[in-house]
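The structure appears right after this line, and notes come after that.
In what follows, chains carry the letters A, B, and so on, assigned in the order in which the sequence lines appear, proteins first and then strands, with residues in each chain numbered from 1. Any value given below was found using the heavy atoms of this structure, including those in side chains, with hydrogens, waters and symmetry copies removed.
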Amino acid sequence: MYETNYHKAGSTAEAGDLISKSDDAKILGGGQTLLPTMKQRLAAPSDLVDVTGIPELQGISESGGGVSIGAATTHSEVASSDLVKQKLPGLAALASGIGDPAVRHMGTIGGSVANNDPAADYPAALVALGASVVTNKRELGAEDFFTGLFETALDEDEIVVSVNFPGAAASAYSKYPNPASRYAMAGVFVAKSSDGSVKVAVTGAGQDGVFRMGEMETALGGNWSPDAVAGIAPAADGLLSDLHGSAAYRSNLVTVMAKRAVAAAS
Amino acid sequence: MAVEGIGARALRKEDKRFITGKGQYTDDMVMPGMGFAAFVRSPHAHAKVTSIDSTAALTMPGVDAVLTGDQLVGDGIGNLICGWMIHSKDGSPMNMGGWRALEPEIVRHVGQAVAVVIADTQAQARDAADAVEVEYEELPAVVDSVAALQPGAPQLHPEAAGNLIFDWEIGDEAAVNDAFEKAAHVTRMEISNNRLVPNPMEPRAALASYNDAEEHHTLYTTSQNPHVARLVLSAFYAVAPEHKLRVIAPDVGGGFGSKIYIYPEEMVCLWASKRVGRPVKWVSDRTEAFLTDAHGRDHKSEAELALDADNKIIGFRVKTVANIGAYMSLFSSAVPTYLYATLLSGQYDIPAIHANVKTVYTNTTPVDAYRGAGRPEATYLVERMMETTAREIGLSPAEFRRKNFVRSFPHQTPVIMCYDAGDYDATLDAAMKAADYDGIAARKAEAASRGKLRGIGMSCYIEACGIAPSAAVGSLGAGVGLWESAEVRVNPVGTVEVLTGSHSHGQGHETTFAQLICERFGLDSDSVAIVHGDTDKVQFGMGTYGSRSGAVGMSAIVKALDKVEAKAKKIAAHLMEASEGDIQIEGGELKVAGTDKKLNFSEVALAAYTAHNLPEGMEPGLKEGAFYDPTNFTFPSGTYICEVEVDPETGTTEIVSFVAADDFGKVINPMIVEGQVHGGLVQGIGQALLENAAYDENGQLLTASYMDYTMPRADDVPSFNLSTHETLCPGNPLGMKGCGEAGAIGSPPAVINAITDAIGNNALTMPAAAEKVWSLYQSGSKEAAE
Ligand SMILES: Cc1cc2nc3c(=O)[nH]c(=O)nc-3n(C[C@H](O)[C@H](O)[C@H](O)COP(=O)(O)OP(=O)(O)OC[C@H]3O[C@@H](n4cnc5c(N)ncnc54)[C@H](O)[C@@H]3O)c2cc1C
């Protein structure tokens with residue numbers, strides 16, 4: 001790791017100030033992605049501005065039939081929240097399957113969405129549930145927020161404050177983990193809203209990060225059952241291919257995970 | 001406290017310090033004024049080093065020196081060597097290329113060191129290492145062993161034309177050819193053994209210092225064999241004279257073979273500490289460990305098994321190409337030869353075996369012994385062949401094996417080894433019973449009703465431990481003898497220190513070795529201390545690998561104990577005016593049989609040291625040493641049965657049950673033996689299901705971190721069902737065989753035999769990654785549908 005200066009911000013304004021005053025500052029959440037990257041000397045921010053102590057970024061609350069989750073909330077807090085388990089069981093289950101206990105106790109939802117790793121779990125939930133990301137500057141719909149591989153609509157000094165999830169009639173997530181890293185090789189989040197409309201979002205498999213499976217959404221809109229998606233697979237040519245799984249295999253996994261997610265949500 | 005002797009489940013004495021974080025590892029050692037080393041490493045798999053410019057690095061804060069290969073060679077530091085000479089079948093000696101600890105001319109694998117920076121802090125050293133400007137002229141690389149043998153392949157070393165190090169054979173080729181001519185059935189397979197990265201929890205580390213007034217060096221290092229390190233560093237590499245070099249291997253966090261060898265980095269620290277005049281510390285990071293710790297396995301083989309009409313094996317022919325990597329590591333030549341092909345007879349009576357092994361240089365990290373070393377490769381080959389042959393001829397895998405078991409001992413195989421004792425039916429019976437082998441059909445049907453494919457596979461392994469009779473290995477090319485030494489020091493107050501040349505890096509020697517002393521003298525284990533890992537304390541030793549610490553290291557202790565016991569009895573007899581033959585040792589006391597006369601062990605010890613009243617002519621003191629040289633290898637054996645369920649939709653394998661029935665000879669501490677088996681099984685299952693060191697065609701290691709290299713985790717393995725079945729080894733005083741590697745040796749074929757049974761397709765290679773299993777099942781089930 002290269003030398004860096006650590007600051008703990010007490011407010012988003014203070015954080016913004018610290019960022020603007022330093023050469024090359026980075027926002028620090030739970031540090032579960034940023035610190036390993038720095039340890040490998042792949043990132044060398046001059047300053048780290050820790051946002052996890054900012055009051056606005058804390059807590060899980062009910063809002064408009066759904067839940068609002070502060071950006072500094074850890075994966076383990078989401079996984080064990082009674083409110084989340086009751087309103088959005090798929091989201092609680094997703095959080096309980098991120099990384100390992102150490103990662104879940106440090107990593108935050110804000111850090112995860114800001115990072116937009118193509119193999120991260122949360123992006124699938126945000127897109128399928130139609131969540132919005134609240135920053136210190138604006139509020140953005142999930143599909144506008146995630147713009148590509150490790151890319152989001154965030155400005156350099158923009159801070160994720162919370163994520164607002166609307167309620168859902170049914171939700172579930174099914175993930176096929178990479179055997180080594182245990183990130184998603186294919187993760188499918190299915191959500192049915194109270195008006196019966198369905199969204200299916202896929203993470204881990206797409207070359208541009210999270211994407212929706214329109215064909216599955218239509219099929220499930222007419223028939224909310226695993227069989228409805230059993231014959232539907234994304235075209236392999238838009239999918240990731242690596243040591244652990246070819247695009248063709250990931251395409252198969254998307255179908256299988258979708259079936260399992262629908263079964264779990266039924 | 002009851003005496004915890006042989007057979008007791010004594011809790012590990014060393015665990016208190018490990019569990020409370022009080023272990024003292026090399027990185028915990030601090031010396032005044034020490035600097036830190038950081039290595040400048042090649043990003044290319046094969047390249048000419050055209051220039052090294054340290055100007056910028058030398059001006060950076062805290063930087064003391066930047067040293068290169070030219071300086072190392074200029075100081076007369078020798079090449080790294082392989083210490084086991086193998087001759088090709090035409091009689092020519094192996095073609096060993098030069099290996100310099102810092103390479104001045106041509107780098108041959110990614111991660112090879114070309115320079116080292118010494119600075120005040122680790123961070124400064126790393127920063128400056130990044131600032132050393134090295135220019136390379138890239139050369140074409142080759143990573144696959146078979147491709148490296150093809151005409152026109154990139155040439156690594158001038159000494160090894162066509163990258164061939166040796167073309168070696170064992171066995172009687174003509175007899176095997178005859179057998180194949182007569183054969184009623186022949187099974188043929190291509191079998192590969194995947195390359196593994198050892199991954200001990202503690203990475204390698206070194207702290208070297210030089211006292212110029214005494215002209216004396218000290219090296220703390222993560223070694224499984226500090227005396228061998230000292231010998232090699234002094235006699236071959238000329239870094240320091242043997243009597244002026246103290247090597248200390250303090251607590252060491254796992255080795256699995258990878259800490260046997262002498263590596264460039266430790267050697268450079270030793271050299272640099274003298275050159276820069278300050279202690280130098282280096283601690284490998286995990287990426288460096290992936291790139292530079294000796295890898296394991298990497299064989300490609302063709303095998304053919306010939307049967308007569310009665311399904312008895314009459315001949316076995318094996319051709320193997322072994323990838324040795326870019327350089328020949330210390331024992332690399334022995335692994336694919338005498339540690340491998342000598343085990344190709346398995347548990348079976350095979351009249352004719354012939355094996356040909358070609359060993360090849362490639363632009364990859366050097367390969368050497370890794371837990372099991374050659375025996376896992378042999379066992380995988382033999383046991384995949386046995387299961388496959390049984391399937392081809394329509395016999396049950398157990399029945400086919402039984403038909404061919406060795407049942408009379410000693411048994412001379414056609415490949416050097418002479419098996420001394422064993423009962424292969426006993427372990428097969430026990431494993432089949434524990435696994436309910438015969439009930440598999442019902443379990444398959446039940447799994448099918450849940451949409452799962454269930455399969456069962458077995459492996460009847462044999463391995464050779466207790467390395468090794470010195471004269472025998474000497475005649476086969478070993479550069480050292482493989483005996484062990486021990487010294488038993490009874491202190492005047494009756495406590496006992498045992499100095500051993502074995503080295504514990506996870507094996508629990510401080511507990512098990514003490515059990516021998518407790519058993520012998522009736523002492524409690526708190527009165528016994530085991531001393532190891534320091535060349536200034538222990539006179540000499542060959543270290544720990546090849547499951548030799550029990551069969552060889554403890555045998556040396558037993559020999560020393562015999563001498564101590566004899567002397568103690570003489571003193572007791574003298575003091576109690578009895579005859580020596582009437583003295584019995586019981587519960588910490590020396591008693592005169594048939595009387596109530598007795599002396600405490602500590603009273604006898606004190607008498608030995610006060611020397612006021614010793615038998616005429618006896619030297620004072622109670623301290624004896626012994627060297628033990630084994631007369632044969634030992635042959636642990638057993639049967640492993642694995643049962644799996646495969647998810648046909650994803651190809652994921654779940655191990656639902658795993659049974660291990662082992663014969664380790666005499667067991668000193670069953671709890672520690674179980675721990676060794678658990679660890680070995682997890683490593684073997686890791687090899688079969690998860691682990692693989694993968695290179696791209698340019699020689700970049702694709703699996704250079706835990707993001708891509710899959711280490712087995714607790715939830716990847718089931719709860720194991722273990723048992724031991726003892727036939728005593730006749731070759732050593734305790735009857736021990738060894739248990740440190742069996743799990744890793746015996747388990748991979750059991751796992752693959754089970755998965756291939758489940759999916760009905762035998763073309764599976766290790767690791768059985770989900771995609772591979774899925775596509776094999778898909779292709780198999782499509783064929784069936786057509
Ligand atoms: C071993 C391991 C396994 C993992 N497995 C998984 C897995 O299975 N699934 C998964 O989804 N993830 C996994 N992760 C990643 C983990 O979930 C991280 O916690 C997450 O990706 C980043 O969150 P963080 O709070 O740690 O952010 P940090 O690492 O602190 O920051 C990550 C990035 O987000 C930025 N950032 C952080 N907080 C904010 C904010 N409030 N506003 C704006 N920008 C911000 C930082 O500047 C940085 O660029 C794993 C990580 C590890 C180490």
Between [X] and chain B, with a heavy-atom cut-off of 4.5 Å, which part of the residue counts as in contact: side chain, backbone, both or neither?
{"X": "A:Asp242", "value": "neither"}
{"X": "A:Arg41", "value": "side chain"}
{"X": "A:Ser246", "value": "both"}
{"X": "A:Met257", "value": "side chain"}

Using non-hydrogen atoms and a 4.5 Å limit, figure out which bit of [X] sits close to chain A: side chain, backbone, both or neither.
{"X": "B:Ala769", "result": "neither"}
{"X": "B:Arg286", "result": "neither"}
{"X": "B:Asp715", "result": "side chain"}
{"X": "B:Asp285", "result": "neither"}
{"X": "B:Ser775", "result": "neither"}
{"X": "B:Asn692", "result": "neither"}

* Are A:Tyr122 and A:Phe189 an aromatic pair by the rule of ring centers under 6.0 Å? ->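 Centroid separation for A:Tyr122 and A:Phe189: 6.0 Å or greater.
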* In Å and rounded to the nearest 0.5 Å, what is the CD to CD distance from B:Gln124 to A:Glu3? ->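 Interatomic distance, B:Gln124 CD to A:Glu3 CD, rounded to 0.5 Å: 8.5 Å.
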* Asked: Does B:Val717 reach the side chain of B:Ile655, with side-chain heavy atoms less than 4.5 Å apart?
  ->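 Of all side-chain heavy-atom pairs linking B:Ile655 with B:Val717, none is under 4.5 Å.
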* Going by heavy atoms in the side chains, are B:Tyr695 and B:Leu702 under 4.5 Å from each other? ->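 B:Tyr695 vs B:Leu702: side chains apart.
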* Asked: Any side-chain donor paired with an acceptor under 3.5 Å for A:Asp227 and A:Ser225?
  -> no
* Would A:Asn252 and B:Glu771 count as having a side-chain donor-acceptor pair, cut-off 3.5 Å? ->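 No - no donor-acceptor pair under 3.5 Å links their side chains.
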* **Leading residue by heavy atom contact count with chain B [cutoff under 4.5 Å; candidates A:Arg182, A:Lys39, A:Met1]** => A:Arg182
* **Parallel, tilted or perpendicular: rings of B:Tyr706 and B:Phe290 (30°, 60°)** => perpendicular
* Return the option, out of B:Leu690, B:Asp647, B:Leu689, with the maximum number of heavy-atom pairs under 4.5 Å with chain A. => B:Asp647
* **Exceeds 12 heavy-atom contacts within 6.0 angstrom, atom CD of A:Gln207** => yes
